Amino acid sequence: MYKRHFLHALAAAAMAAGLSAPAAAADTGPIKIGLILPMTGQQATTGRQIDAAVKLYLAQNGNMIAGRKVEVIVKDDATVPDTTRRLAQELVVQEKVVALAGFGITPAAMATAPIATQSKTPMVVMAAATSAITEASPFIVRTSFTLPQAAVAMAEWANKNKIKKVVTLVSDYAPGIDAERYFAERMVLNGGTVVDKLRTPLRSPDFAPVLQKVRDAAPEALYVFLPSGQGAAFMKQFAERGLDKAGIRLIGTGDITDDDQLNGMGDVALGVITAHHYAANHKSAANQKFVEAFKKANNGMRPNFMAVGGYDGIRVIMEGLKATKGQGGEALLAAMKGQIFESPRGQVLIDAQTRDIVHDMYFRKVERVGGELHNVEFDAIKAMKDPGKQK
């Protein structure tokens with residue numbers, strides 16, 4: 001954890017560095033944005049998707065603000081929070097970025113929050129989804145989603161479809177705890193029973209032992225949250241253990257049927273029901289344009305929910321910078337709050353009070369469409385705020 005005197009020194013260094021630069025140079029040089037992503041390691045797909053989406057947005061919409069070029073500096077934290085924090089310090093103090101962005105997992109975002117606060121640098125979370133992240137600093141804005149949004153929506157669907165006996169299976173870190181807690185609370189509130197709550201380690205999980213427990217408990221459904229990138233391995237073991245044939249329905253957050261990996265999962269994924277804010281199959285002109293452009297620019301790679309978090313995140317920063325004519329700090333933060341726009345996912349709002357995203361939460365079923373597997377939307381909860389902040 002940060003020591004207070006060190007943070008004051010960091011802030012003072014940043015201020016001194018800023019003041020020592022000639023005014024003219026500051027006004028005419030590039031406007032820098034620091035993008036910290038897991039480009040290597042277990043969450044590398046997250047980094048690849050967000051980086052590609054940011055590049056696409058700037059290619060489509062230009063990278064000039066008030067006559068100055070916007071320069072995005074990409075740094076790889078390999079999903080190591082200490083590295084994230086160090087890179088954020090360097091970007092603020094040495095590169096003098098007007099905004100920090102990215103953050104593949106919750107611990108990375110939490111590690112950076114004190115730097116955003118001390119240096120008054122807006123920080124746009126494009127991936128991490130624990131509810132409490134935006135409360136860690138008044139300078140954090142989120143364009144991804146929150147786990148309570150997806151979890152509560154899924155519990156409502158289960159209740160509506162008379163699923164009363166469930167087991168939960170989540171990755172054992174903050175987003176998983178959110179996913180477990182908010183799903184279980186809503187299930188119980190609706191008269192259902194959670195017969196077991198299972199957790200797997202974040203790194204290198206072996207699903208076989210927990211899946212045997214699920215089989216023994218014989219629930220009507222297994223509710224799952226795993227971070228983006230683990231869904232394919234889970235699906236394979238789910239099928240190998242015969243759970244798909246045992247009459248146990250598989251439901252969960254959209255991370256488990258990630259569009260980036262869905263085609264490689266095979267028939268075991270067919271019929272899986274998830275609640276999430278984005279699918280590449282979403283029916284809108286804006287999304288069709290986005291998907292086509294993204295695939296064209298990335299050798300046919302299908303965009304996933306991480307890509308849309310990055311695409312919308314850079315949009316929020318760029319629109320904010322337009323409003324402030326390139327100025328960062330509190331002015332940029334104020335220009336980000338309350339933004340309303342049409343995203344590839346649908347209509348979104350950056351809630352001015354919570355700085356969190358308000359969007360539709362869709363119910364989707366994995367189906368074969370044109371020879372490929374897709375998350376096909378069939379219903380939605382409209383304009384959903386984060387249940388984790390509704391006291």
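Note that the structure is predicted; figures quoted are calculated from it, not measured.
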Show, in sequence, the C-alpha distance, side-chain angles and deciding distance for Asp260 and Arg48, and conclude whether the salt bridge (Lys or Arg N to Asp or Glu O under 4.0 Å) test is met.
CA-CA 10 Å; Asp260 193 27; Arg48 186 179 72 222; 2.9 Å; yes
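- Atom CD of residue Glu367 and atom CG of residue Asn375 lie 10.0 Å apart, to the nearest 0.5 angstrom.
- With values rounded to the nearest 0.5 angstrom, Thr79 atom OG1 is found 6.0 Å from Arg203 atom CZ.
- At least one side-chain heavy atom of Arg249 sits under 4.5 Å from a side-chain heavy atom of Ile163.
- Here the CD1 atom belonging to Ile50 is positioned 9.5 Å from the CE atom belonging to Met39, to the nearest 0.5 angstrom.
- For Glu90 and Arg86, the salt-bridge test passes: some basic side-chain N is under 4.0 Å from an acidic carboxylate O.
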Passes side-chain contact (heavy atoms from CB on, under 4.5 Å), Ile33 versus Leu321? Steps please.
CA-CA 11 Å; Ile33 297 166; Leu321 286 170; 4.3 Å; yes
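- Note on ring orientation: taking the six-membered ring where Trp is involved, the planes of Phe145 and His277 are parallel (angle under 30°, cut-offs 30° and 60°).
- By the 4.5 Å heavy-atom criterion applied to side chains, Gln212 and Pro209 are not counted as neighbours.
- Taking the ring centroids of Tyr362 and His276, they lie at or beyond the 6.0 Å cut-off.
- Between the OG1 atom in Thr46 and the CG atom in Asp258 there is a gap of 7.5 Å [rounded to 0.5 Å].
- With Asn298 contributing its side chain and Met301 its backbone, the two residues share no donor-acceptor pair below 3.5 Å.
- Donor-acceptor pairing under 3.5 Å is recorded for the side chains of Gln149 and His359.
- With values rounded to the nearest 0.5 angstrom, Leu270 atom CG is found 10.5 Å from Asp244 atom CG.
- For the pair Ile357/Asp351, no side-chain contact is recorded, criterion being any heavy-atom separation below 4.5 Å from C-beta on.
- Put simply, the residue from Val272, Ile256, Thr257 that forms a side-chain contact (heavy atoms from CB on, under 4.5 Å) with Leu262 is Thr257.
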In residues 309-319, what donor-acceptor pairs under 3.5 Å come from side-chain atoms, sequence neighbours left out?
from, atom 1, to, atom 2, distance (Å)
Tyr311, OH, Gln60, OE1, 2.4
Asp312, OD1, Ser343, OG, 3.3
Asp312, OD2, Ser343, OG, 2.6
Asp312, OD2, Arg345, NE, 3.1
Asp312, OD2, Arg345, NH2, 2.8
Glu319, OE2, Lys322, NZ, 3.1

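- Salt-bridge annotation for Arg181 and Glu185: present, with a side-chain N of the basic residue lying under 4.0 Å from a carboxylate O of the acidic one.
- For the pair Val124 and Leu100, the minimum side-chain heavy-atom distance is 4.5 Å or more.
- For Lys213, the salt bridge (Lys or Arg N to Asp or Glu O under 4.0 Å) test picks out no residue, with sequence neighbours left out.
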side-chain contact (heavy atoms from CB on, under 4.5 Å) evaluation trace for Asp255 with Phe305:
CA-CA 8 Å; Asp255 315 69; Phe305 65 99; 3.5 Å; yes
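- Counting heavy atoms from C-beta on, the side chains of Val348 and Val358 never come closer than 4.5 Å.
- Atom OG1 in Thr121 sits 9.5 Å away from atom CG in Leu332 (nearest 0.5 Å).
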